[in-house]
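To start, the structure under review is shown below, and the notes come after it.
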2 protein chains.
Amino acid sequence: MGEHMATRKEVADRAGVSIAVVSYVLNDSNYVKEETRRKVLQAIEELGYETNMAARALKMRKTEQLAVLINHLGNPHEAGLLLRIEEHAAKHNYVLFFQTFHKEQESRLKALLHGRVDGIFLLGQSLQEETLRHFAKLGIPVVSITTPAVPRCDHVTSIDLDWTAEYRKLIRLLKAKGHERIAYMAIGDPEHPLSHRLKAFRQAMEQERLPLAEPDIFYADGGLQTAHEAIRTKVTAPGRFTAIVGANDLMAAGIVAACRASGVRIPQELAVAGSEDILMSSQTAPPLTVIHYPREKVGEIAMEVMLDKMRKRPASDRILQAEIVERASL
Amino acid sequence: MGEHMATRKEVADRAGVSIAVVSYVLNDSNYVKEETRRKVLQAIEELGYETNMAARALKMRKTEQLAVLINHLGNPHEAGLLLRIEEHAAKHNYVLFFQTFHKEQESRLKALLHGRVDGIFLLGQSLQEETLRHFAKLGIPVVSITTPAVPRCDHVTSIDLDWTAEYRKLIRLLKAKGHERIAYMAIGDPEHPLSHRLKAFRQAMEQERLPLAEPDIFYADGGLQTAHEAIRTKVTAPGRFTAIVGANDLMAAGIVAACRASGVRIPQELAVAGSEDILMSSQTAPPLTVIHYPREKVGEIAMEVMLDKMRKRPASDRILQAEIVERASL
DNA sequence: CTGTTAGCGCTTTCAT
DNA sequence: ATGAAAGCGCTAACAG
């Protein structure tokens, strides 16, 4: 429990050189005589020396740390996205830290991250303009995933699907099976980042010339259980919608559970679809037809965009294509 | 894009005091005249000043950052555990970063973390003794979750279930339903941290005086798909086991999927159980009976233990109790 | 109650 | 090819 960490000074002393030389060999930033280099390397080895990242960060004004602000890691869609981002961040030697984040904590955020990160990913999160301006002033890029770009704020770059287009595909599929009255389960909070999916769905229905009555829009908090509860009594109501799509897969799974609990057969009596394609969706009974959100690709692009922005290269918003995965739920 | 961050010096100048005074009000570490304090606070406000955490970390030898080494965030069990740890870490003002970690990268680990973290959580991971000693020397505590303690290494504290006891409960339940030949699906790699669950299962079977034949132990990589493939042809084999337990829930779900694909009825023809209780397990058809791993409690205790260790207080290994959640799969 | 100052461990310019 | 030294932004002893 020595509590001791070898410092660069000690390495220098042991190798009989100055600390500058140690830096040179460590960073390959200057010519060093082969013999000297070996002595230094050996001293490093013997002392078990490692560079102190905090000191380096202070000097370089670069932490090689990135933050990801998420909603709820319990949602496999977010976990999957986070996983992909980390995968690509690691390739570029960045360390990722994540924060489950809610609007109320926004004030603490600046203090928490100051001097800690080189960039910020938003995963289904939005920040106030003032906060965004703050990070812009600091030169800390913000990349937003799963949430549309903030208007008038060119500081944040966003990556997402064209939800209207994707929902149109899904609606056409439902139409082909004879459905005309399609319901939607959205996230209750109108401030919630996923509320733009509802807007997109509305637009898609309109473009497909299908009416979407207000009572056919249901609200829950994004979780399976509350979705189940919100829809339970509705699935057996006479004269109801014949299909329903969930703003996320967890809610779609909740709808499936509600149907099973009420003995409503899927897809004969009700068609159900999800919007993300998490693993669970392939295991429900019946398995869910979903829009496959390309998490892998999104993670890759997100890191790519982040790197561009950190290097002050121009980066523009990205819209990806998704595929529909047809399973037995419709 | 000013790239500018206000420094403590600027605040001091603007308020007409020395930088020490700014520190005093910020850290409440010294008496400051009320009027002076107000002037300082105002200057901070006006400049949008925030403390630079890298500088503070260097000076204090304390980063307020913790690392979590995980296996695969795509496994909801790990994601759930991580979520809980973060929840408690945030309460104590710690920031968490996670790394998907594989043995091959162990050499990079020391360099990556040095000066970056005050402590390390292992989530179903193990490290070589030499690495552990390295962190011990640096005074960086290691808390291991879901993996048994490392022998001869009192530096790491571990938190887990008494798997033998939990499996005995499950086995007794199966016995009561008439099962005598119970199979197990383990993780293939004997080096894998979850392999201790297999050992515990063996022990439990022995204590319950039930034979566990080698051919009744199946191996997969921990994922749903490979579990499905590994068991597919076996569930229809004549004279086979009548029940099977998965070392994790994802594999148990894979077994359920294999049964559905082969038309094997659960639980009439085969009983299936899992070991963790992830959300998905409640949505399979039929829903899975599982050991409920108390992730919430474990997350809380993990952080508690970590804090104790960081404060040099003694901390001992913790064994938690679990409950069995009975659902329709057996 | 407030200011001066010495470092924390590192990088890098400028001499040599 | 190597070294001396300044300084990144912060804390805390110490002096007043």
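Chain letters run A, B, ... following the sequence lines, proteins first and then strands; every chain starts at 1. In this text, all values refer to a predicted model and were calculated from it rather than measured experimentally.
- One interatomic measurement links the two molecules: NZ of Lys59(A) to C1' of dG9(C), which rounds to 11 Å at whole-angstrom precision.
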Legend entry - Residues Lys91(A), Glu300(A); criterion salt bridge (charged side-chain N to carboxylate O under 4.0 Å, His left out); working and verdict: CA-CA 11 Å; Lys91(A) 270 187 207 153; Glu300(A) 181 183 341; over 6 Å; no
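- With 3.5 Å as the limit, one finds a donor-acceptor pair spanning the side chains of His77(B) and Arg295(B).
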Can you give me the N/O atom pairs linking the protein to nucleotides 2-5 of chain C at distances under 3.5 Å, or say none if there are none?
unit_1 : atom_1 : unit_2   : atom_2 : d
dT2(C) : OP1    : Thr36(B) : OG1    : 2.3
dT2(C) : OP2    : Lys33(B) : N      : 2.8
dG3(C) : OP2    : Ser18(B) : N      : 2.7
dG3(C) : OP2    : Ser18(B) : OG     : 3.3
dG3(C) : O6     : Tyr24(B) : OH     : 2.6

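- Side chains of Gln65(A) and Gln65(B): a donor-acceptor N/O pair is present below 3.5 angstrom, by distance only.
- Rounding to whole angstrom units, CD of residue Glu10(A) and C1' of dC10(C) are separated by 14 Å.
- Atoms CZ (Arg56(A)) and C1' (dC10(C)) sit 8 Å apart, rounded to a whole Å.
- Leu26(A) places its CG atom 15 Å from the P atom of dG9(C), with the value rounded to the nearest Å.
- Listed in residue order, the members of residues 45-55 of chain B having a heavy atom less than 4.0 Å from DNA chain C come to none.
- Between the CD1 atom of Ile44(B) and the P atom of dC10(D) there is a distance of 10 Å, given to the nearest Å.
- Interatomic distance, Arg116(A) CZ to Thr63(A) OG1, rounded to the nearest 0.5 Å: 10.0 Å.
- Computed from coordinates, the Leu58(A) CG to dG9(D) P distance equals 7 Å when rounded to whole Å.
- In this structure, a donor-acceptor pair under 3.5 Å is present between the side chains of Asn93(B) and Arg108(A).
- Taken from CE in Met306(B) to CD1 in Ile145(B), the straight-line distance is 8.0 Å, to the nearest 0.5 Å.
- Straight-line distance from the CG atom of Asp13(B) to the P atom of dG9(D): 13 Å, rounded to whole Å.
- Listed by chain and residue number, Glu46(A) satisfy the side-chain hydrogen bond (donor to acceptor under 3.5 Å, both in side chains) test with Gln42(A) (two or more places apart in sequence, or in another chain).
- Each of Leu123(A), Ile70(A), Val68(A), Asn75(A) was evaluated against Leu81(A); a single residue qualifies, Leu123(A), per the side-chain contact (heavy atoms from CB on, under 4.5 Å) test.
- Note that the CG atom of Leu113(A) and the OG1 atom of Thr131(A) stand 10.5 Å from one another [nearest 0.5 Å].
- Taking atom CG of residue Asn27(B) and atom P of nucleotide dA13(D), one finds them 12 Å apart after rounding to whole Å.
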